[in-house]
Amino acid sequence: PDVREIHFVLNGQPRRVDIAPGESLLEVLRNRCGILSVKDGCAPQGQCGCCLALVDGAPKTSCAVAAESVDGKTVLTLEGVTAEERDLTARAFAIAAGVQCGFCIPGIALRAKWLLDRQPRPGRLEIAKAIDGNLCRCTGYVKVIDAIELLARARAGEPLPPLQDNGGVGASLAKYHGQAHALGEHLYVADLEMPGMLHGAVTLSPHARARVLRLDTSKAEALPGVVRVVTAADVPGQRWYGLLYADWPGLVAVGEEVRCVGDVLAAVAAVDERTARAAAALVEVDYEPLTPVLDPDAALAPGAPRVNPQHDNLLSHSVIRRGDVEAALAASAHVVSGTWHTQRIEHLFLEPESALAEPLPDGRLRLRTQGQGIFDDR
């Protein structure tokens, strides 16, 4: 009863779509209209620009646009750009090496179209300012600006240099599948669809340390569209795994402790992502909050709670000695000791963590993931 019908023009074609409360334009474009050039890098924050669409000619991060707000409006994505302009854009980015992993480039390419339609020959600073709302982990932006400059010249009639694909010594090869990446045609894991595919979501612990007293999945199971909800009690085999030791429970059982914010209590399979996430939020968990261990010194103190039931809090103890350390310190003009703290920022990949498990006739699973460690993912 809460479903609402909206009408809008998408890439030149009138569309009529039923939307759910709170649904974003990004969800409508990807899940209902099959538009995959818009990528979900940070939804619903609207910070990375990967989901850029033009709404009545204005660039909008579609994850932060309510779907109902485009009723009666016109939406353009890269799929609706003319074939000639798509070809020039794809080749310019590939030739200039303005694409690496490629996840952010479709949003940047559409932003470039918006800019060049208004300012056919912008300077580098103007280009940099225009793409300020688009994040890119890989390129460093210099090659992206090169690509947009090259595209501007191509749109003005200058011929593009040829794509280098001969592999000769000294030749700058074009990015593998660079043109498809630039247009959003390359499929990432989150873009893949399989017949009968279900979507998963998990119920996460809000506590850094707590004992699980009760776990009730009945409300989640009763939600229409939910196929199955599983907990630790449903795991027939090995439930513990990890990178160094098998010390991480895939699902935390009743009576056990959660040991970090984000430990998993239940997993849901449903007909779509929205239903799966809604069901995961309906799983009821009663906790007995416990005092967490929050720093290494506290973890090593006598009587400290064991952070992990599989091994002591001290993971390893390494000593490196070379020469006569005490003599060297005694002969030093200055000796400094102390504790130093550094930042903990890591560069942020934009592609969402995703996995697709496909059952095979022989009982195995074919696994597709976006991770860099395929064996760890498996």
Side-chain angles (χ1 to χ4, degrees), residues 6 8-13 15 17 19-71 73-81 85-86 89-90 93 98-117 130-139 141 144 147-148 180-193 199 201 272-274 276-277 347-354 370:
I6 62 171
F8 63 102
V9 176
L10 174 61
N11 295 330
Q13 300 297 319
R15 297 297 298 260
V17 178
I19 63 168
E23 199 161 2
S24 70
L25 175 58
L26 174 62
E27 291 176 286
V28 167
L29 292 175
R30 287 183 60 85
N31 302 333
R32 302 185 186 273
C33 301
I35 300 296
L36 297 180
S37 68
V38 288
K39 307 297 184 184
D40 180 0
C42 72
Q45 299 176 80
Q47 295 295 309
C48 73
C50 293
C51 66
L52 195 79
L54 302 184
V55 179
D56 281 351
K60 301 289 184 180
T61 47
S62 59
C63 75
V65 173
E68 60 185 13
S69 71
V70 302
D71 191 25
K73 297 183 179 180
T74 297
V75 178
L76 180 72
T77 69
L78 277 180
E79 287 86 346
V81 175
E85 195 170 353
R86 283 169 57 83
T89 300
F93 274 87
V99 52
Q100 289 191 36
C101 87
F103 191 82
C104 67
I105 300 302
I108 293 175
L110 189 63
R111 180 89 68 173
K113 172 187 168 47
W114 171 82
L115 171 65
L116 298 179
D117 283 348
I131 64 172
D132 184 60
N134 293 79
L135 298 181
C136 177
R137 173 208 188 192
C138 306
T139 63
Y141 296 99
V144 169
I148 296 174
H181 279 83
L183 296 176
E185 294 176 342
H186 173 82
L187 296 181
Y188 297 84
V189 177
D191 300 327
L192 299 176
E193 290 281 345
H199 294 255
D272 57 44
E273 181 182 348
R274 286 179 67 85
R277 292 192 183 279
H347 52 187
L348 175 66
F349 54 87
L350 295 171
E351 182 185 356
E353 292 190 343
S354 309
Q370 57 23 275

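Because only heavy atoms are used, hydrogens play no part in the values below, and waters and symmetry mates are left out as well, while side chains stay in.
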Participant: Can you check whether Ser354's main-chain N or O pairs, donor with acceptor, with Gln370's side chain at less than 3.5 Å?
Facilitator: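 Yes.
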
Participant: Would you say that more than 12 heavy atoms from the other residues, nucleotides or ligands in this model lie under 6.0 Å from the CZ of Arg277, or not?
Facilitator: no

Participant: Heavy atoms only: give me the nearest Leu36-Asp191 pair and the separation to one decimal.
Facilitator: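 Shortest heavy-atom contact: CD1-O, 3.9 Å.
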
Participant: Might you point out which heavy atoms bring Gly46 and Ala64 nearest each other, and give the distance in Å?
Facilitator: CA-CB, 4.1 Å

Participant: Distance check, rounded to the nearest 0.5 Å: Leu25 atom CG versus Ser69 atom OG?
Facilitator: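 Reported to 0.5 Å precision, the distance equals 7.0 Å.
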
Participant: Once you round to the nearest 0.5 Å, how far does CD1 of Ile105 lie from OG1 of Thr89?
Facilitator: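 So the CD1 of Ile105 and the OG1 of Thr89 are separated by 11.5 Å.
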
Participant: Check Ala182 against Leu78 and note the closest heavy-atom contact, atom names and distance.
Facilitator: O-CD1, 3.7 Å

Participant: Below 30° counts as parallel, above 60° as perpendicular, anything between as tilted: where do the rings of His186 and His181 land?
Facilitator: parallel

Participant: When rounded to the nearest 0.5 angstrom, what distance separates CD1 in Ile6 from CD1 in Ile19?
Facilitator: 4.5 Å

Participant: Side chains of Val55 and Phe8: does their closest heavy-atom pair fall under 4.5 Å?
Facilitator: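 They are not in contact (no side-chain heavy atoms under 4.5 Å apart), so the answer is no.
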
Participant: Nearest 0.5 Å, please: how far is CG in Leu54 from CZ in Arg111?
Facilitator: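 Between atom CZ of Arg111 and atom CG of Leu54 there are 9.0 Å.
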
Participant: Could you please spell out the steps behind the side-chain contact (heavy atoms from CB on, under 4.5 Å) verdict for Asp272 and Asn31?
Facilitator: CA-CA 9 Å; Asp272 57 44; Asn31 302 333; over 6 Å; no

Participant: Could you pull out the closest heavy-atom pair between Asn134 and Gly49, with the gap in Å?
Facilitator: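 For Asn134 and Gly49, the tightest heavy-atom pair comes out as ND2-O, 3.2 Å.
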
Participant: Drop me the distance from Leu10's CG to Thr77's OG1, to the nearest 0.5 angstrom.
Facilitator: 6.0 Å

Participant: Examine distances only and state if a side-chain atom of Glu79 and a backbone atom of Ser37 form a donor-acceptor pair shorter than 3.5 Å.
Facilitator: yes

Participant: Start with the C-alpha distance between Cys33 and Arg15, add both sets of side-chain angles, then the distance that settles side-chain contact (heavy atoms from CB on, under 4.5 Å), and finish with yes or no.
Facilitator: CA-CA 9 Å; Cys33 301; Arg15 297 297 298 260; 3.8 Å; yes

Participant: For a side-chain contact (heavy atoms from CB on, under 4.5 Å) check, start with the C-alpha distance between Leu110 and Val38, then their side-chain angles and the critical distance, and finish with the verdict.
Facilitator: CA-CA 10 Å; Leu110 189 63; Val38 288; over 6 Å; no

Participant: Considering all heavy atoms of both residues, which atom of Gly98 and which atom of Val144 are nearest to each other, and what is their separation?
Facilitator: O-CG2, 3.7 Å

Participant: Kindly state each residue pair satisfying side chain to side chain donor-acceptor pair (under 3.5 Å) with at least one member in residues 43-62, sequence neighbours excluded.
Facilitator: none

Participant: Should Asp40 and Phe103 count as side-chain neighbours, where that means a heavy-atom distance under 4.5 Å?
Facilitator: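 Answer no - side chains too far apart.
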
Participant: Any non-hydrogen side-chain atom of Ile148 less than 4.5 Å from a side-chain atom of Ile131?
Facilitator: yes

Participant: Can you find a heavy atom in the side chain of Asn11 that is under 4.5 Å from one in the side chain of Leu76?
Facilitator: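 Result yes, sub-4.5 Å side-chain heavy-atom pair found.
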
Participant: Hey, could you give me the SG/CG distance between Cys50 and Leu350, rounded to the nearest 0.5 Å?
Facilitator: 4.5 Å

Participant: Of the non-hydrogen atoms in Val99 and Gly102, which two are nearest, and what is the gap between them?
Facilitator: CG2-CA, 3.6 Å

Participant: Any side-chain heavy atom of Ile35 within less than 4.5 Å of one from Arg30?
Facilitator: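 SC-SC contact between Ile35 and Arg30 ruled out.
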
Participant: Decide yes or no for Val81 and Lys113: does some side-chain heavy atom of the first lie under 4.5 Å from some side-chain heavy atom of the second?
Facilitator: yes

Participant: Output yes when a side-chain donor or acceptor of Asp117 lies under 3.5 Å from a complementary backbone atom of Trp114, and no otherwise.
Facilitator: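 Flag not set: sc Asp117 to bb Trp114 has no pair under 3.5 Å.
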
